[in-house]
Amino acid sequence: MSKHLFLGDEAIAQGALDAGISGVYAYPGTPSTEITEYIQASTEAAESPIHTRWATNEKTAMEAALGMSYVGKRALVCMKHVGMNVAADAFINAGMTGVNGGLVVVAADDPSMHSSQNEQDSRFYADFAFIPVFEPSNQQEAYDMVRKAFDFSEQFNVPVLFRVTTRLAHSRAGVETAPKKGQNNLSYPENSAQFILLPANARRRFKTILSGIPALSEASEKSEFNVYKEGSDKSLGIIACGIAYNYLMENFAGDCRYPVLKISQYPLPEKLIARIADECDAVLVLEEGYPFVEAKIKGLLGRGIVVKGKLDGTLQRDGELTPDSVGAVLGFAPKSEYAMPDVVQMRPPALCQGCGHRDMYDALNNVLREYENPRVFGDIGCYTLGALPPFRAIHSCVDMGASVTMAKGAADGGHFPAVAVIGDSTFTHSGITGLLDCVNENANVTIVISDNETTAMTGGQDSAGTGKIEAICAGVGVDPAHIRVLEPLKKNMESMMDTIREEINYKGVSVLIPRRECIQTLSRKKRSKK
Amino acid sequence: MKTDIILSGVGGQGILSIAAVIGEAAVSNNLYMKQAEVHGMSQRGGDVQSNLRISDSPIASDLIPLGKADLIISLEPMEALRYLPYLSKQGWLVTNSVPFINISNYPAPEQVMAEIDKLPRKIVLDVEKIAKEVGSARTANIVMLGASSPFLGIDYAQIEAGVRYIFGKKGDAIVSLNLKALEAGRKVAETLM
Ligand SMILES: Cc1ncc(C[n+]2csc(CCOP(=O)(O)OP(=O)(O)O)c2C)c(N)n1
Ligand code: SF4
C-alpha cells in the first residue's frame, strides 16, 4: 500500500499495470494521452515485456488489443472520445466477439471542448455495443475501478468501456495503490467460433450476448461503485454519475439532505433507480456529457415521475458541469465578489514562434493570393491554428484525414485550386486511404503534408510515418515527380513559393512535404540528452 | 484548514512548477489535495490556469466554485484579472507586474494595473527582476511562490522542504538558489501585506 499524487490518467495507468496488463494500445488524444505516456515511462514496462508503442490510429489500437485478449492476455486501449468514432467498427464488433483476456477501453470525453471538435458522449457507444461502462468519480476510484474492470471483463467475457471526462483525467489527487498482479499466461478461446463472426456464428453470439444482459444488470445493482445514500428530504432524489457526484457533494459539504444514487457502473441499476423514484417526488439527474441516463430513466420509469436534468432545461445542455452549475440547480446561487474587468481580452493559443507550419502557411498564402478563389481544406493538429489571424489560411477542420478527401470532393465538384493541409501523424492516421482515392481518379488536388516529424498537438509523441512519408505516397501511386520536399524556413521563401505554384498548376495529384522538426520536440530531445 | 488557489498565466510560463512545490508540501504535511490542470490545445501561448485545493479534510470537487478562491497566484497581470470572479471577498491576489504581450489587442498596461489597484488585498511584484537579483531569472516562479507563501496555510518550513525535494536532483547549488528566491519573494509579500 503506498500513496501517490496521481492525475486521473496516471491512476488509470497504474491501475492497469497493477492489474497485470501485457499491453497498452493507443493513439494520442487530449485528455487521454497521459495514460499511455505514464505506462511507457514506468519501471514495470522497463522490467517486464509490456507493449507500449503508439498505434497508427485508434482502430489499429483497438484491433491489436483484441488480438492480445484473444491469446488470453490483458490489454488496455486508450483514446479520446472522437477516437471512438475511428475505433467504432472494431469496438462494436468486439462487443459481439467478447474477450478471452481482460480488455478495457478507456474513452476520455471532453465536455466544454477544451481541445476537441465536439462533446460526444462515449456511453452511447457502449450502449450500442452491449458493453458495460465503468465511470469513476475520483482518482482513487479510477485506480480501483480499472483493476476491477479487468477482472469483470474476464468474469463476464465482455470488453469494458472505462469512461472519464477531462476534469478527472487532468486533475491530480492522492491515490493509494494495492499489490500488483502478474501477467496472464497464453491461453486460447475455448469456443473456436467465438471470434469468427460469420452470420451463422454471429447470430448465436448475439443470443449469448442478449442472454448475458441480466447478469450485467445484476452486477450493477450490487456494485460497490453504485451507492444509494439515504436523505431526509424526499421532495427530490438525485442521481449523480461519475464526477458529477463530486460537484453535488461540494455544494452540500459532503452532507446532502436528499437521497442520492451515485452511479459509476452501467448497464443502469434499474432496481436502485426504481427505489429512488418510488421514494422521492421528483428525480434530478446530474451527468457529464449528454443526457444519457436522463433519457433512459424517462423510458424506464414511464409512470409520471418528474425527471429533471438537461432534457427539460434544468441544467445547461452543453459544456461541462461545474460545482456552480450543479449548485445553481439546488438553490445555491453562485456568488462572485469581484467581476472580471472589461479590459481583459481573450488570449487564444497560437503557433509557436519559429514553428515550421508558420513558414509553410506564409508561402502557401503568398502563392494562393495569385488565384481567384482558393480553398484550403485543413485538418487536425497544431497547424489547425493556421485558421486564426494572422494566417487565416484554412477553410475547414472536421475530422482526422478529412482534408485530403474534402479537397478531392471539391475538385470532383469542379473547384480549383483545391488544396489540403495535413500533418504527418494525421496523414498516417487517416490520410493514406484518401490519398489512394485521389490517385485512383487522378484528382486535381495539391496535398500539403506539413511534416514536423512528431505528433505535436498532443505533446510530441512519436509519429508513425517519420522517415516514410515519401515512400508511402509513392507506394500509394503518387507520381514521384510530384512528391516535392521543402524546407520551411524564411530564407527559402522564394523557392518554396515556386514549387508550390508549380504543383498547384499541375493537373493531377501532387504532394508537397514541407519538413522541419517541431521546435518544441527538438528542444525536449536536447534537454533529455543533457 | 482549507485553501483554494487559482494559478494563472500564459501557456509556457510554467504555472505547474509552482503547483508542484505546493503539492509536495501539502502531501508531505498529510493534507488532502486536488489539482485540476490544463493540458492540450490551451498551452501554446494561450491563457492557462490550474485549480489547486488543499485541505485537512477530504475535498469533493476538483474545481473551485465562483467566489471561493482564497488566493489567486498569477504570473501575468491581465491573466490575474481573468479569474477575479473566483476570488473570495477576503481573498488575496499575488501577481507578477510585468505584462506578457502576445496578442495585438492587449490593453494598456496602466489600465490593467489600475484594475489590480482597486483590489483591497494584493501583492504585486516584478518576479523576474527579483529573480535576477537573487542570481537567476529562472527562479522567477519560485519568487512568485515565496510571495504567495504567507497565504497558503502551510508552514514556511514545509514549503522550503518542498523546494528542496523538487530541486534536489539538480544539486545543492540549485537548491540554495531557489531557497534564496523563495525567501526574496516572501520578504516582498511581508512588506506589502
Ligand atoms: C480521431 C482523433 N484522434 C486523436 C485526436 C487528437 N489529435 C488532434 S491533432 C493530433 C495529432 C496531430 O499530429 P500531426 O498531424 O502530426 O500535426 P502536428 O500537431 O504535429 O502539427 C491528435 C492526435 C483527434 N482530434 N481525433
Ligand atoms: S508545438 Fe511544434 S508544431 Fe506545434 S506550434 Fe509549436 S513548434 Fe509548431
Side-chain angles (χ1 to χ4, degrees), chain A residues 3 5 7-8 30-31 33-34 110 114-116 138-139 166-174 243 245-254 320 322-324 326-327 332 334-353 382 384-385 389-390 457-459 520, chain B residues 10-12 19 23-24 26-27 31-48 51-52 57-68 76 78-79 81-91 93 100 102-108 111-112 114-116 118-119:
Chain A
K3 189 142 187 166
L5 201 50
L7 286 178
T30 313
T33 313
E34 293 81 0
D110 188 22
H114 296 281
S115 329
S116 309
N138 61 39
Q139 292 79 354
T166 305
R167 290 302 168 185
L168 180 58
H170 283 170
S171 178
R172 229 173 257 287
I243 199 170
Y245 181 75
N246 300 347
Y247 299 142
L248 176 65
M249 288 306 152
E250 177 74 22
N251 278 285
F252 287 102
E320 62 186 340
T322 64
D324 299 310
V326 170
F332 304 100
K335 265 211 318 273
S336 283
E337 301 291 341
Y338 305 95
M340 183 176 81
D342 293 334
V343 297
V344 177
Q345 302 296 325
M346 300 243 290
R347 197 191 299 258
L351 290 168
C352 302
Q353 294 304 325
C382 279
T384 313
L385 296 170
M457 178 86 254
T458 43
Q520 299 291 354
Chain B
V10 178
E24 178 53 38
V27 168
L31 295 172
Y32 291 90
M33 172 186 149
K34 281 204 170 185
Q35 186 202 339
E37 303 176 357
V38 179
H39 298 208
M41 190 82 169
S42 22
Q43 287 174 308
R44 299 209 187 348
D47 56 278
V48 289
N51 281 207
L52 179 57
S57 55
I59 303 163
S61 166
D62 298 82
L63 297 176
I64 300 168
L66 287 162
K68 293 281 168 63
E76 207 281 341
M78 185 182 82
E79 294 309 322
L81 297 175
R82 195 183 301 281
Y83 303 99
L84 285 187
Y86 288 91
L87 191 62
S88 74
K89 202 163 184 183
Q90 301 303 319
L93 172 68
F100 187 102
N102 63 348
I103 48 172
S104 56
N105 56 345
Y106 195 95
Q111 279 183 312
V112 173
E115 292 294 342
I116 290 173
K118 288 184 194 162
L119 292 169

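Each chain gets a letter, A, B and so on, in the order its sequence line appears, and its residues count up from 1. Side chains included, hydrogens not; waters and symmetry mates left out as well; all remaining heavy atoms used.
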Legend entry - Part of A/Gln353 within contact of chain B (heavy atom distance under 4.5 Å): neither
Inset, instruction - Identify the two heavy atoms, one from B/Leu63 and one from A/Pro323, that lie closest to each other, and give their separation to 0.1 Å. - result: O-CG, 3.5 Å
Inset, instruction - Can you establish whether the number of heavy atoms outside A/Asp342 located under 6.0 Å from its atom CG is more than 12? - result: no
Legend entry - Rounded distance (nearest 0.5 Å) linking atom CE of A/Met457 with atom CZ of B/Arg44: 4.5 Å
Legend entry - Lys/Arg N to Asp/Glu carboxylate O, A/Arg347 vs B/Glu76, below 4.0 Å: yes
Legend entry - Contact summary for B/Pro107 and A/Val343, nearest pair of heavy atoms: CG-O, 3.3 Å
Inset, instruction - Find the one option among A/Ala173, A/Gly327, A/Pro334, A/Ala350 whose heavy-atom pairs under 4.5 Å with chain B are most numerous. - result: A/Ala350
Legend entry - Side-chain heavy atoms of B/Met78 within contact of A/Val344, under 4.5 Å: yes
Legend entry - Side-chain heavy-atom pair B/Glu37, A/Glu34 within 4.5 angstrom cut-off: no
Inset, instruction - With a 4.5 angstrom heavy-atom cut-off, could you sort out which part of A/Ile243 is near chain B: side chain, backbone, both or neither? - result: side chain
Inset, instruction - Over all heavy atoms of both residues, which pair between A/Tyr338 and B/Lys89 is shortest? Give the atoms and the distance, please. - result: OH-O, 3.0 Å
Legend entry - B/Asn51, part contacting chain A, at a heavy-atom distance under 4.5 Å: neither
Legend entry - Over 12 non-hydrogen atoms of neighbours within 6.0 angstrom of OH in B/Tyr86: no
Inset, instruction - Please tell me if the side chains of B/Ile103 and A/Pro348 come closer than 4.5 Å, counting only heavy atoms from C-beta onward. - result: yes
Legend entry - Contact winner vs chain A - B/Gly67, B/Ala108, B/Ser61, B/Ser88, heavy-atom pairs under 4.5 Å: B/Ser61
Legend entry - Options B/Gln111, B/Met33, B/Gln35, ranked by heavy-atom pairs under 4.5 Å with chain A, top entry: B/Gln35
Legend entry - Listed partners of B/Asp62 passing salt bridge (Lys or Arg N to Asp or Glu O under 4.0 Å), at least two apart: B/Lys34
Legend entry - ring-ring contact (aromatic ring centres under 6.0 Å, His included) involving B/Tyr32 - partner list, sequence neighbours excluded: none
Inset, instruction - For chain A, find which of B/Glu24, B/Glu79, B/Lys68 contributes the most heavy-atom pairs closer than 4.5 angstrom. - result: B/Glu79
Legend entry - Separation of A/Glu250 CD from B/Ile64 CD1 (nearest 0.5 Å): 9.0 Å
Legend entry - Residue, of A/Gln345, A/Met340, A/Met346, that accumulates the most heavy atom pairs under 4.5 Å with chain B: A/Gln345
Inset, instruction - Go through the atoms of A/Leu7 and report whether side chain, backbone, both or neither lie under 4.5 Å from a heavy atom of chain B. - result: side chain
